[in-house]
Structure formats: C-alpha cells, structure tokens
Amino acid sequence: MPAIVILPSMSALRGWFQGNGDLKPYGLSQLWEQLVRVIVILAGTYLIIEVLHQNYIQAVYVSVAAAFFGAVFSYGYLLVRLIRQRRGAPAVAASTEKPSVSQLGKTLLMISYESIPFVIVGSGITLCQLVDQLFFKQILVGSLHLSAGYTQYLYTIFSANPNKITTVVISLAMAVSESSLPLISGKLSSVKTSYKSIEKLITDNLKLLLVTLLPMVIMISALSYPIYGVFFNFDNLGAHYLVYNVIQSFVLGLGIDVLTLMQSLRMSKLATVTLLVGLGVKLLLQWPLVYALQGLGAIIATTIAFGIVILMGLHFICRYYRLHLRELWSIVRLNLIFAVILLAATFLLSHLLTAVASKILALLLAAVLG
C-alpha cells in the first residue's frame with residue numbers, strides 16, 4: 001500500500017526529466033527500482049525462510065514490501081538528481097501570468113485524454129500476466145483435473161519465480177524504448193526535413209535494444225540451472241521454464257519497444273489497437289495451449305501474441321518510414337555465434353552445472369562463466 005502512494009508522484013518526476021530531454025535519470029531510476037525490489041525479495045525471503053526458519057506467510061509480506069523499498073530508492077535517486085540539476089541551472093524569472101481555472105481544467109482534461117493510450121500500452125505485460133493468473137489454475141484443475149498443489153507448483157515455476165528475474169530484462173527494454181520518445185517527438189515538429197534522422201533514430205533504437213537484450217538472454221538461458229538455484233531452489237523443470245521465460249521476455253521487450261516507437265511517432269491509437277489485438281490472440285490461444293502444454297502453453301500463447309504485436313507495429317511504422325532492418329542482422333549474427341559458443345561450453349560442462357548443490361558455488365559458477 002505505501003508504494004501506491006509514492007508511485008504516482010515518482011512517475012510525474014520521471015516525466016519531468018523525460019520531457020526536458022534528460023533521459024539518464026529517467027532510465028536509471030527504473031533500473032534501480034527493479035534491482036532493489038528483486039534484491040529485497042530474494043534477500044528477505046532467504047533470511048526469513050533459511051536463516052530465521054519462519055513460514056512462507058512472513059516471506060510474502062517481505063516480497064510485497066519490496067516494491068515500496070524499490071520505489072523509495074528510485075525516488076531518492078530522482079530527488080538527488082533534481083536538486084543537483086536545480087543548483088547548476090541558471091535562475092529563471094517567475095511568470096506573472098496566472099492560469100485561470102477553466103484553462104487549468106482544459107489542460108488536465110487534455111492530459112487525461114492523451115494519457116489513455118500510454119496507460120493501456122504500459123499495462124500490456126501486466127494484462128497478459130493477469131490472464132495467466134486468472135485462467136491457468138482453472139484450466140489445470142477444472143479441465144485436466146490436476147491437484148491444486150501440483151497446479152500451484154507449476155504456476156510458481158513457470159510464472160511467479162521466473163518473473164522476478166525477467167523483470168530486470170523487461171525493465172531494461174522499457175528504459176531503452178522510452179528513451180526514444182522525446183528524441184523522436186522533437187523531430188516530428190519538422191517531419192518533412194527530418195525524415196532521414198527519424199528513420200535513423202528508429203533503427204538506432206532497435207539496434208540498442210538488440211545489443212542490450214540478446215547477450216543477457218543468451219547468458220541467462222545457458223546458465224539457467226545455477227541461476228535458478230541461486231535465487232530459488234535447484235530444480236531442473238524450473239530451470240527449463242526460466243529459459244522459456246527469458247526468451248518470452250525478449251519478445252515482450254521488443255513488443256513494448258515497437259509500441260513505444262509508434263506512440264512517439266503519433267500513432268497512439270494504432271498502438272492501442274495493436275496491443276488489444278495481441279491481447280485478443282492471447283485470450284484465444286490460452287485455453288488450447290495450456291490444455292495441451294500446461295505452463296509452456298501459457299508462455300507460448302504470450303510469445304505468439306506479442307510476436308503479432310511486433311509484426312503489426314513494424315508494418316504500421318514501415319508505411320511511413322523506411323527502416324533499415326538489414327543493419328540489425330549483423331548484431332543478430334554476432335549474438336548467434338556467441339550463443340553457439342556458450343551453449344557448446346554449457347553442454348560440455350553440463351555435468352558440473354547440474355551437480356551444483358550450493359547456492360554460493362552456483363553463484364560463483366554463474367559469475368565466472370557469465
């Protein structure tokens with residue numbers, strides 16, 4: 001509950017930095033928030049269960065409170081940056097003209113109307129997770145007649161646990177994508193003379209996203225067993241689901257990036273429609289895929305849904321702008337070579353990786369190999 005009080009004003013502060021073109025505090029604050037949240041969840045859960053030998057209910061309280069600690073740390077970082085920026089900025093004369101109540105009302109109404117597509121797009125991943133949360137257990141228990149305990153175990157290893165790790169990947173993608181909003185929007189004021197620069201900004205955005213996410217996805221996938229063991233417990237099935245979730249998080253990050261690019265190009269309504277189509281696909285595929293493949297089915301349904309979002313979004317962007325997608329192939333090719341080398345090394349060391357039973361040893365192994 002305290003996090004809900006902090007988050008709105010923190011989002012407004014982030015928007016202030018973003019609107020002024022200062023993207024470093026905007027992006028870093030998101031990374032700090034998610035990093036601190038994950039650290040508090042993992043460290044608090046380990047301390048309560050392993051050290052203090054308390055029950056899981058106490059660990060849940062800590063996990064919920066982790067969002068508050070992440071928000072406080074991020075807010076503190078933003079305030080420090082704001083204070084430093086104000087000290088170094090030249091003094092600006094205060095305006096004597098005061099806005100009327102009617103002008104203020106019109107401004108707030110316009111902001112509310114313009115923010116609706118951004119709110120919907122920003123909730124896309126959460127809505128997909130909500131579909132899993134609402135329907136996964138009902139399908140397994142009601143249709144497949146599996147036990148509630150086994151269903152809860154599957155939900156934990158395919159969604160609840162991996163999400164704590166993949167959140168960092170998705171946050172990175174969102175930070176990269178949202179950094180393009182003010183840059184591209186600034187060019188749209190003179191779109192006739194800025195076509196080439198806008199096209200270059202879009203291509204550079206996609207390049208940066210691939211350079212940031214692909215190595216991380218490959219490393220986590222190759223070292224899934226020790227990484228999953230460090231954060232949770234050593235479980236082969238949980239490690240496999242972590243691989244699928246990391247690949248899914250890459251697709252989710254790319255989808256959010258494409259939708260954000262559409263918003264920066266003043267295609268907010270199209271971005272909303274594209275996301276709603278993706279959510280519709282998710283709803284249509286959820287039951288048959290979960291019924292056939294259980295946890296993997298839910299992951300595949302989300303991946304296909306956001307894959308369609310990516311294709312539709314790129315199609316709409318390419319209607320007006322020429323994207324140099326061939327330039328992305330060099331990044332993909334280099335990462336494919338890296339993936340083959342890392343997976344070959346992981347295969348040769350598979351006995352060593354799967355034999356690890358100590359969290360400290362697993363952490364050292366993941367750090368050395370990663």
Side-chain contact, heavy-atom cut-off 4.5 Å: [X] with [Y]?
X	Y	result
F136	V131	no
M219	I227	no
L252	Q248	yes
Y320	L265	no
S264	T260	no
T272	L276	yes
P226	L223	yes

**Item:** Derivation of the side chain to side chain contact (heavy atoms under 4.5 Å, CB included) call for V51 and Y46
**Value:** CA-CA 7 Å; V51 178; Y46 180 81; 4.1 Å; yes

**Message:** Could you list the cluster mates of I341? Members are the ILVMFWY residues connected by side-chain heavy atoms closer than 4.5 Å, either directly or through other members.
**Reply:** I337

Nearest heavy-atom neighbours spanning [X] and [Y]:
X	Y	answer
M262	A271	CE-N, 3.6 Å
T151	S147	OG1-O, 2.8 Å
A298	D132	CB-OD1, 3.5 Å
I310	G255	CG1-CA, 3.6 Å

**Asked** Restricting to pairs with a member in residues 336-347, which pass side-chain hydrogen bond (donor to acceptor under 3.5 Å, both in side chains), not counting sequence neighbours?
**Response** none

**Fill in**
residues 289-314 vs side-chain hydrogen bond (donor to acceptor under 3.5 Å, both in side chains), sequence neighbours excluded, gives K282-T302

Determine whether more than 12 heavy atoms belonging to other residues, nucleotides or ligands lie under 6.0 Å from atom [atom1] of [X].
X	atom1	result
Y75	OH	yes
Y153	OH	yes
K200	NZ	no

**Asked** Looking only at atom types and distance, does a side-chain atom of S143 sit under 3.5 Å from a main-chain N or O of L140, one as donor and one as acceptor?
**Response** no

**Prompt:** When you measure from the side chain of N233 to the backbone N and O of G229, does any donor-acceptor pair fall under 3.5 Å?
**Reply:** no

Taking only residues two or more places apart in sequence, or in another chain, which ones meet [X] in a side chain to side chain contact (heavy atoms under 4.5 Å, CB included)?
X	value
S74	M10, R14, S29, E33, L78
I116	I120
V72	I6, F68
N163	Q129, S159, T166, N245

**Message:** With a 4.5 Å cut-off on side-chain heavy-atom distances among I, L, V, M, F, W and Y, is there a chain of contacts connecting L279 to V119?
**Reply:** no

**Message:** Tell me every residue that passes salt bridge (charged side-chain N to carboxylate O under 4.0 Å, His left out) with K207, counting only those two or more places apart in sequence or in another chain.
**Reply:** E327

**Request:** Output all residues satisfying side-chain hydrogen bond (donor to acceptor under 3.5 Å, both in side chains) with K137, sequence neighbours left out; order by chain, then residue number.
**Result:** Q152

**Request:** Evaluate side chain to side chain contact (heavy atoms under 4.5 Å, CB included) for V258 paired with V309, printing each intermediate quantity in order.
**Result:** CA-CA 8 Å; V258 171; V309 167; 5.9 Å; no

List for me each residue that meets ring-ring contact (aromatic ring centres under 6.0 Å, His included) alongside [X], sequence neighbours excluded, and say none if there are none.
X	answer
F234	Y225
Y155	F158
F73	W32

**Message:** Quick one, L336 with V340, criterion side chain to side chain contact (heavy atoms under 4.5 Å, CB included). Give me CA distance, side-chain angles, the key distance, then yes/no.
**Reply:** CA-CA 6 Å; L336 285 175; V340 170; 5.6 Å; no

**Item:** I256/F306 under side chain to side chain contact (heavy atoms under 4.5 Å, CB included): CA gap, chis, key distance, verdict
**Value:** CA-CA 9 Å; I256 291 297; F306 266 79; 4.3 Å; yes

